[in-house]
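These notes are about the structure you will find just below.
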Amino acid sequence: MDSYFSSRLHHRLRETVRDFAEREVRPRIAEMEASRTVHHELSRLIAEQGWLGATISQEYGGMGAGHLAKTIIIEELSRVSGAMGAMVQASQLGTAKIVHFGSDEQRKTWLPAIAAGECLPTIAVTEPESGGHVLGMSASAVRDGDDYILNGSKVYVGNSHVGDLHGVVVRTGPGSKGLTAFLVESDRPGFRTGPQQEAMGLHGFSFGELIFENCRVPASNRLGDEGDGLSVAYSSSVLYGRANLTAVSLGIHQAILEETTRFASERIRYGKPLHDLPTVKLKLGQMQSRLMTARLAAYHAVHLLDQGLSCDTELMNAKLVNVESAIDSGRNAMEIHAAAGLFTDRAIERYLRDAHHIFAPAGTSDIQLLRLAEVALGQDKGSWSERLSELVRTPDLELVHA
C-alpha cells in the first residue's frame with residue numbers, strides 16, 4: 001500500500017528522516033521527558049533540515065514535495081517522538097496561512113526563511129473563553145493609521161514558546177466577516193508568552209499562551225483583506241491541521257505496535273514468548289489491522305490533496321480513524337504490557353500519553369463525526385481543498401538534507 005501512493009523519492013525521504021530521528025531525536029527523549037518543557041535546540045535542528053518547507057514551492061526555496069512527503073516527515077519523527085512530530089506539524093500550520101493568503105512580499109520575506117529553518121511559524125486562533133468556537137473569539141485589532149493595535153490572548157498555540165512568527169486571527173468587526181489575520185513577530189513590543197505549563201504528554205513541544213497588550217502591528221503584516229480571518233483559520237485547520245495531526249497519530253501508532261511486538265517477543269511466559277498466548281496474538285492482530293487501515297486512510301487523503309482533488313471528507317475521516325485507532329491500540333498495548341507498561345523505563349506509557357494530545361486539535365472525534373454526518377445528509381458546506389490546495393506533481397526531494 002505504501003508503494004502504491006509513494007515513489008522512490010518518498011522512500012528515500014522516509015529513510016533520511018528515520019535515520020535522523022534515531023540518531024538525533026531518540027537520544028534526547030529522556031532529557032525532554034525529565035524537563036517537561038520545550039526543547040529549543042532540537043526544534044531548531046529539525047527546522048534546519050529543510051523539512052518545514054515540504055509544501056513550499058521551490059520558487060521560495062522549499063522542497064515543493066507536497067502533502068504526502070510532509071506526512072511521511074511528520075510520521076517518521078512522531079514514530080520516535082510525538083513532541084517533535086507535533087513541532088513540525090504546528091510549523092506547517094503556520095506555513096499554510098502564508099502560502100495561501102500571503103501577499104507577494106510576505107511570501108518572499110517569510111517562506112524562504114521558513115524553508116531554511118530560520119523561522120518557526122505558528123497559527124493562533126483558540127482563546128481561553130471561546131475554545132474551538134472560532135466566531136466566539138474576542139481578541140481584537142483596531143486600525144490606527146498605518147498600523148493595527150492588537151489586544152487579547154490565544155491559548156493552546158503550537159510552538160508558542162519557540163515560534164518566531166505568529167499568525168494571529170483576531171476580531172476587527174462583528175460576525176463571521178469581522179475576523180482578520182495578522183503576522184506578528186515574536187520580538188514585537190506588546191507581545192509576550194504566558195508561563196509554559198506542564199502537560200500530560202508531548203514533552204519537548206510547547207503549546208501555550210500568546211498575550212497581546214497594545215501590540216502595534218503594521219498594516220503590511222495583515223494576511224489578506226480585513227474579513228479574511230475565518231478563511232485563514234478554517235483552511236489551515238482543514239487542509240493542514242487534520243492531515244498533520246493524522247500523521248502524528250500514525251507515527252505514534254507505528255511506535256506502539258513496534259514496541260508491543262518487541263515486548264511480546266522478549267517476554268517469556270509458560271516457557272514460550274508472550275505472543276504465543278492466543279489472547280495476546282489476537283490483540284496484536286487487531287493492532288496490525290488498525291494500523292494498516294489508518295495508514296491507508298491517511299495516505300489516500302493527502303494523495304488526493306496533492307492532486308488538487310476534493311478531499312475534505314477524506315481528511316476528516318483520516319483524522320478520526322488515526323486518532324481513535326492509535327488510542328485503541330495504545331490501550332491494547334497497555335493490556336499486553338500489564339504492570340510493566342506503567343513505568344517510565346518503557347516507552348509505551350509515553351506513547352499512550354502523547355496519543356491523547358492529538359484528540360482535540362482541528363476538531364475532536366465528535367466534531368469529525370458531525371461533519372461526516374453532514375456529508376451523508378448532503379448538508380456539507382463546500383470544499384476547502386478544491387478552493388485552496390496547491391497542485392504538486394513534480395516533487396524534488398533532492399532538497400532534503402541528509
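These numbers come from a predicted model, not from an experiment.
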Is there a side-chain contact between Ser237 and Tyr234 (heavy atoms, below 4.5 Å)? no
Short N-O contact, Arg79 and Glu22, less than 4.0 angstrom: yes
Does His39 reach the main-chain N or O of Leu42 with its side chain, forming a donor-acceptor pair under 3.5 Å? yes
Scanning both residues in full, the closest heavy-atom pair of Leu77 with Ala21 reads CD2-CB, 4.3 Å
Would Ser140 and Arg171 count as having a side-chain donor-acceptor pair, cut-off 3.5 Å? no
To the nearest 0.5 angstrom, please state how far the CZ atom of Arg188 sits from the CG atom of Leu183. 10.0 Å
I would like to know whether Gln288 and Thr261 meet side chain to side chain contact (heavy atoms under 4.5 Å, CB included); could you show each step before the answer? CA-CA 10 Å; Gln288 175 68 27; Thr261 54; over 6 Å; no
Consider only side-chain N and O atoms of Arg222 and Tyr148, and report whether a donor and an acceptor are under 3.5 Å apart. yes
Would you say the side-chain atoms of Ser160 pair up with the backbone N or O of Gly208, donor to acceptor, closer than 3.5 Å? yes
Side-chain heavy atoms of Leu179 within contact of Asp228, under 4.5 Å: no
Ser231 backbone acceptor or donor facing Ser235 side chain under 3.5 Å: yes
Could you note down all residue pairs passing ring-ring contact (aromatic ring centres under 6.0 Å, His included) where residues 208-232 supplies at least one of them, sequence neighbours left out? Phe191-Phe212
Would you say the side-chain atoms of Glu127 pair up with the backbone N or O of Ala139, donor to acceptor, closer than 3.5 Å? yes
Please confirm whether the backbone N or O of Val157 pairs with a side-chain atom of His166, one donor and one acceptor, at under 3.5 Å? no
Determine the minimum heavy-atom distance between Val321 and Ala294, stating which atoms define it. CG1-CA, 3.9 Å
Quick one: pull up CG in Leu304 and NE2 in His67 and give me the separation to the nearest 0.5 Å. 11.5 Å
Is there a donor in the side chain of Ser385 and an acceptor in the side chain of Asp312, or the other way round, less than 3.5 Å apart? yes
Could you tell me whether the side chain of Leu230 reaches within less than 4.5 Å of the side chain of Leu135, counting heavy atoms only? yes
Can you tell me if Asn317 and Glu314 form a side-chain donor-acceptor pair at under 3.5 Å? no
Candidate pair Leu250 and Leu291, rule side chain to side chain contact (heavy atoms under 4.5 Å, CB included), full reasoning: CA-CA 8 Å; Leu250 184 57; Leu291 181 61; 3.8 Å; yes
Return the CG to CG distance between Leu9 and Leu13, rounded to the nearest 0.5 Å. 9.0 Å
Could you point out which residue of Ser325, Ser78, Ser329 forms a side chain to side chain donor-acceptor pair (under 3.5 Å) with His253? Ser329
Correct closest heavy-atom pair for Ala233 and Val169 would be CB-CG2, 4.4 Å
Got a salt bridge between Arg262 and Glu259, using NZ or NE/NH1/NH2 to carboxylate O under 4.0 Å? yes
Side-chain contact test, heavy atoms from C-beta onward, threshold under 4.5 Å: evaluate it for His337 versus Leu342 and give yes or no. no
Does the Lys319 side chain pair with the main chain of Val238, one donor and one acceptor, at a distance under 3.5 Å? no
Quick one, Phe20 with Arg23, criterion side chain to side chain contact (heavy atoms under 4.5 Å, CB included). Give me CA distance, side-chain angles, the key distance, then yes/no. CA-CA 5 Å; Phe20 174 93; Arg23 177 168 35 87; 4.3 Å; yes
Could you tell me whether a side-chain N or O of Arg353 sits under 3.5 Å from a main-chain N or O of Met200, the two making a donor and an acceptor? yes
Side chain to side chain contact (heavy atoms under 4.5 Å, CB included) between Lys154 and Thr126, worked out: CA-CA 6 Å; Lys154 299 290 180 179; Thr126 305; over 6 Å; no
Under 3.5 Å donor-acceptor, Thr364 side chain and Ala360 backbone: no
Please work out which of the three classes, parallel, tilted or perpendicular, describes the rings of Phe5 and Tyr299, given edges at 30° and 60°. perpendicular
For salt bridge (charged side-chain N to carboxylate O under 4.0 Å, His left out), just list the numbers for Arg44 and Glu48, CA-CA rounded to whole Å, side-chain angles, deciding distance to a tenth of an Å, and then say yes or no. CA-CA 6 Å; Arg44 296 291 172 183; Glu48 289 167 3; over 6 Å; no
Indicate yes or no for a side-chain donor-acceptor contact from Asp164 to the backbone of Pro121 under 3.5 Å, with no hydrogens or angles considered. no
Whether Gln49 side chain and Leu45 backbone form a donor-acceptor pair below 3.5 Å: yes
May I ask you to say whether Arg28 pairs ionically with Glu24, meaning some side-chain N is under 4.0 Å from a carboxylate O? yes
So which heavy atom on Ala199 is nearest to which on Arg36, and how close? O-NH2, 2.9 Å
When every non-hydrogen atom of Val232 is compared with those of Ser236, the smallest separation belongs to O-OG, 2.9 Å
Can you confirm if the NZ or CZ of Lys97 lies within 45° of the ring axis of Tyr240 and under 6.0 Å from the centre of its six-membered ring? no
Compare every heavy atom of Leu120 with every heavy atom of Ser43, then report the nearest pair and how far apart it is. CB-CD1, 4.4 Å
Residues Ser206 and Gln196: side-chain donor-acceptor under 3.5 angstrom: no
Is there a donor-acceptor contact under 3.5 Å linking the side chains of Ser7 and His10? yes
For Glu374, is there an ion pair with Arg371 - N to carboxylate O distance below 4.0 angstrom? yes
Just how far is it from atom CG of Leu370 to atom CE of Met316, taken to the nearest 0.5 Å? 10.5 Å
Check this for me, if you would: do Arg331 and Glu335 make a salt bridge, where the nitrogen-to-carboxylate-oxygen distance has to be below 4.0 angstrom? yes
How far does OG1 of Thr95 sit from CG of Leu165, to the nearest 0.5 angstrom? 9.5 Å
Could you tell me whether the side chains of Tyr351 and Gln254 share a donor-acceptor contact shorter than 3.5 Å? no
Does a side chain donor of either Ser91 or Asn159 reach within less than 3.5 Å of an acceptor in the other side chain? yes
Those residues at least two apart in sequence (or on a different chain) that pass salt bridge (charged side-chain N to carboxylate O under 4.0 Å, His left out) with Asp225 are none
For Tyr156, does the OH atom have more than 12 heavy-atom neighbours from other residues, nucleotides or ligands under 6.0 Å away? no
Do other residues, nucleotides or ligands put more than 12 heavy atoms under 6.0 Å from the CD atom of Gln379? yes
Nearest 0.5 angstrom please: Thr293 OG1 to Asn322 CG, how far? 10.0 Å
Ion pair check, Arg216 and Asp144, cut-off under 4.0 Å: yes
Kindly check if the number of other-residue, nucleotide or ligand heavy atoms within 6.0 Å of CD (Glu258) is above 12? yes
His357 vs Phe207, ring pair (Phe, Tyr, Trp, His ring centres under 6.0 Å): CA-CA, chis, key distance, verdict: CA-CA 11 Å; His357 275 257; Phe207 50 105; 5.4 Å; yes
Looking only at the side chains, is there a donor atom on one of Asn332 and Arg290 sitting less than 3.5 Å from an acceptor on the other? yes
